[in-house]
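See structure below.
Atoms considered below: every heavy atom in the structure, side chains included; atoms not considered: hydrogens, waters and symmetry mates. The sequence lines fix the lettering, A, B, ..., with proteins before strands; numbering per chain opens at 1.
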Amino acid sequence: MSDSGIGREKSKASLELLLKKHDQIEIEKVTTIRNFDEERRNSLFQVEQLKANRNKVSMEIAAKKKAGEPTEELISGMKKVSDQIKVYDEKIASIDSQLEEFLLTIPNIPHDSVPIGIGDLENPERERFGSPKKFSFPVKAHVDLGTKLGILDLERAGKIAGARLSVLMRKGAQLERAIISFMLDLHTREHGYSEVAPPLMVNSSSMRGTGQLPKFETDLFKLQNTDYYLIPTAEVPLTNLFSGEILGESELTIKFVAYTPCFRSEAGSYGKDTRGLIRLHQFDKVELVKFCRPDRSYEELESLLTDASKVLKLLGIPFRIVTLSTGDLGFAAAKTYDIEVWLPSQNTYREISSCSNFEDFQARRANIRFKGDGKGAKTAYVHTLNGSGLAVGRTWVAILENFQDESGKIFIPEPLRPYMGGATHLE
RNA sequence: GGAGAGAUGGCUGAGUUGGUCGAAAGCGCUCGACUCGAAAUCGAGUAGGCGAGUUGAUAGCUUGCCUCGAGAGUUCGAAUCUCUCUCUCUCCGCCA
């Protein structure tokens with residue numbers, strides 16, 4: 001019996017939900033689910049009747065034994081019933097596990113407001129903030145700026161570890177820490193998030209809960225001879241914090257912020273962003289996670305986006321927000337906004353945050369529910385959301401590139417100075 | 001890493017010669033009585049999940065099944081016996 005995790009996805013309500021949207025997932029899959037479910041309900045009904053009988057007769061046996069009456073016929077009759085029960089139980093368990101495996105591979109259904117498109121080229125721009133600065137000299141890339149300043153050492157990173165790993169030195173390391181502190185302070189003090197310091201490795205069950213497993217195992221680093229994976233984002237430990245729990249409605253919305261390193265194998269990204277800090281096996285990120293009532297989740301998505309955007313606004317770095325189209329949407333998300341920051345050396349906007357509403361997709365898999373305080377209060381799945389607030393490494397890059405001068409000096413944005421011992425420049 | 005103990009309802013904590021135990025008792029909480037009000041006292045209620053019936057109802061009411069860390073097993077029947085796993089605690093060792 002699996003009553004945790006996506007076991008709940010067998011429920012009538014979830015099936016109806018899928019059926020309602022049948023135009024968006026293959027009819028075949030829906031039919032499969034429907035057949036499975038029907039078979040399961042029939043067996044369940046049969047076995048429950050048998051069990052009711054067994055429970056009743058067991059009590060009779062107990063009573064007769066106490067009275068010293070013979071019980072042989074009853075017991076031998078019950079042996080047959082128990083055998084039948086076993087057959088049905090096995091059948092149900094088999095259906096459950098097949099159904100579960102099957103459901104785990106079905107992606108979330110995009111929200112009605114998500115634009116149709118086949119890839120990132122169809123992602124409409126929603127808003128743009130600030131305008132890229134006109135430089136009167138040839139801009140340098142962050143790798144060159146950082147290396148020259150002695151705050152970034154990719155060569156030695158390659159020596160001690162390998163490609164797609166980095167070493168920040170001196171003021172570069174301090175800047176990383178300043179960015180982290182600034183973001184954490186902003187979100188905890190101004191935006192009402194509670195800070196969490198989660199483990200950087202989690203078990204496979206958590207990875208299933210948020211949707212990384214079973215489909216995306218190759219994107220993860222797994223620790224040998226254990227069930228542990230290095231987290232690809234703090235979303236995983238934070239969202240799973242309440243797995244298998246029923247939260248009080250009055251506690252919602254719950255808002256967490258965490259700074260963690262993130263680990264990604266970046267399998268399949270050969271040749272992409274090979275230079276610099278844009279795409280690494282390990283990078284720092286400040287992550288925002290929310291648990292809320294279903295009817296509030298799209299409001300919460302908007303405020304999540306606002307909270308994340310605030311970081312770049314305060315730093316004074318130009319950025320834009322795009323809405324991911326259906327083709328670019330992640331496996332688990334129902335709707336996603338990307339925040340893209342301006343990178344002068346690439347003359348383009350690059351993703352620095354991804355803010356998503358997963359609706360009840362993760363909540364079903366991780367079995368996270370809530371319940372009202374009233375008498376007739378029902379339990380229902382929460383909605384989960386998360387967004388980067390922001391990717392720290394890419395923020396570091398954006399600061400170097402957007403605030404460089406002709407001599408290679410870097411202007412430190414005002415909000416970070418308190419965290420940099422009052423320094424105004426990196427030089 | 002070595003040795004040992006344990007995991008029961010919101011909490012504390014009974015229950016281990018298998019049989020009206022989903023579970024004593026206490027605390028907490030809810031409702032009621034008393035009170036001007038409160039405290040104290042007294043009375044009643046108080047785990048979750050999934051189905052079925054009734055209903056306009058995802059309200060109530062009636063009813064079945066499952067759950068005493070998780071999974072598997074023994075048995076007509078398991079919180080109670082066996083095995084595996086997970087976690088917690090104590091002592092020793094080691095260590096940031």
Note to self: In this structure, how many angstroms lie between the P atom of B:G77 and the CG atom of A:L50, rounded?
What the structure shows: 13 Å

Notebook entry, point to check: For A:E251 and B:G10, what is the distance between atoms CD and C1' respectively, to the nearest whole Å?
Noted result: 13 Å

Notebook entry, point to check: Does a salt bridge link A:K335 with A:D112, judged by any charged N lying under 4.0 Å from a carboxylate O?
Noted result: no

Notebook entry, point to check: How many Å lie between CE on A:M59 and C1' on B:C65, as a whole number?
Noted result: 13 Å

Next item on the list: Report the residue (A:A63 or A:L44) whose heavy-atom-nearest nucleotide on RNA chain B is the more 5′ of the two.
Entry: A:A63

Check: In Watson-Crick or G-U wobble terms, both distances under 3.5 Å, what is the partner of B:C65?
Finding: B:G49

Check: NA contact type, A:L74, heavy-atom cut-off 4.0 Å: base, sugar-phosphate, or nothing?
Finding: nothing

Notebook entry, point to check: Looking at the side chain of A:N55, which of B:G19, B:A52, B:C65 is the nearest nucleotide?
Noted result: B:C65

Note to self: Check whether A:Y419 forms a cation-pi arrangement with A:R177 (NZ or CZ under 6.0 Å from the six-membered ring centre, at most 45° off the ring normal).
What the structure shows: no

Next item on the list: Write down the partner of B:C83 under the Watson-Crick or G-U wobble criteria, each distance required to be under 3.5 Å.
Entry: B:G71

Notebook entry, point to check: A:T379 side chain N/O closer than 4.0 Å to the phosphate oxygens (OP1, OP2) of B:G49?
Noted result: yes

Next item on the list: For A:K65, answer base if it contacts any base atom (sugar-phosphate contacts may also be present), sugar-phosphate if it contacts only those atoms, and nothing otherwise; contact means non-hydrogen atoms under 4.0 Å.
Entry: base

Check: Which one, B:G19, B:G49, B:G77, comes nearest to the side chain of A:R54?
Finding: B:G77

Checklist line | Rounded distance in Å between the P positions of B:C94 and B:C83 | finding: 33 Å

Note to self: Categorize A:K86 for me: base, sugar-phosphate, or nothing, with a 4.0 angstrom heavy-atom threshold over every strand shown.
What the structure shows: sugar-phosphate

Note to self: Closer than 4.0 angstrom, basic N to acidic O: yes or no for A:R264 and A:D219?
What the structure shows: no

Checklist line | Proximity to the side chain of A:A52 - top-ranked nucleotide from B:C65, B:G48, B:C76 | finding: B:C65

Next item on the list: Could you tell me whether A:K255 and A:E190 have a side-chain N and a carboxylate O separated by less than 4.0 Å?
Entry: no

Next item on the list: Can you figure out which of B:G64, B:G77, B:G49 approaches the side chain of A:I246 most closely?
Entry: B:G49

Notebook entry, point to check: Which one is paired to B:A23, where only Watson-Crick or G-U wobble pairs with both distances under 3.5 angstrom count?
Noted result: none

Check: Nearest-Å distance, CG (A:D89) to C1' (B:G73)?
Finding: 14 Å

Notebook entry, point to check: How close or far is atom P of B:C65 from atom CG of A:D96, stated in whole angstroms?
Noted result: 19 Å

Item checked: Pairing nucleotide - B:A44, Watson-Crick or G-U, each distance under 3.5 Å -> B:U30

Notebook entry, point to check: Which nucleotide in the set B:C87, B:G19, B:A52 lies at the smallest distance from any side-chain heavy atom of A:A62?
Noted result: B:G19

Notebook entry, point to check: Does any nucleotide pair with B:G1 by Watson-Crick or G-U wobble geometry, both distances under 3.5 Å, and what is it?
Noted result: B:C92

Note to self: Return the pairing partner of B:U54 with a 3.5 Å limit on both distances, Watson-Crick or G-U wobble; otherwise return none.
What the structure shows: B:G60

Item checked: Length of the line joining A:E60:CD and B:C76:P, which is rounded to integer Å -> 17 Å

Item checked: Sidechain-backbone polar pair: A:H425 side chain, A:E427 backbone, donor-acceptor under 3.5 Å -> no

Next item on the list: Among B:C66, B:G64, B:G48, find the nucleotide with the atom closest to the side chain of A:E48.
Entry: B:G64

Next item on the list: Determine which nucleotide pairs with B:C36, using a 3.5 Å limit on both distances of a Watson-Crick or G-U wobble pair.
Entry: none

Next item on the list: Could you check A:I61 against A:N53 and say which one's nearest nucleotide on RNA chain B is further toward the 5' end?
Entry: A:N53

Note to self: Would you say the ring centers of A:F221 and A:Y229 fall short of 6.0 Å from each other?
What the structure shows: no

Check: Expressed in angstrom and rounded to an integer, what is the separation of A:K371 atom NZ from B:A47 atom P?
Finding: 10 Å

Check: Just to confirm, is there a sub-4.0 Å distance from OP1 or OP2 of B:C76 to any side-chain nitrogen or oxygen of A:S76?
Finding: no

Check: Rounding to a whole Å, what distance do you find between A:Q46:CD and B:A52:P?
Finding: 15 Å

Note to self: Check A:E266 with A:R279, please: is the shortest side-chain N to carboxylate O separation under 4.0 Å?
What the structure shows: yes

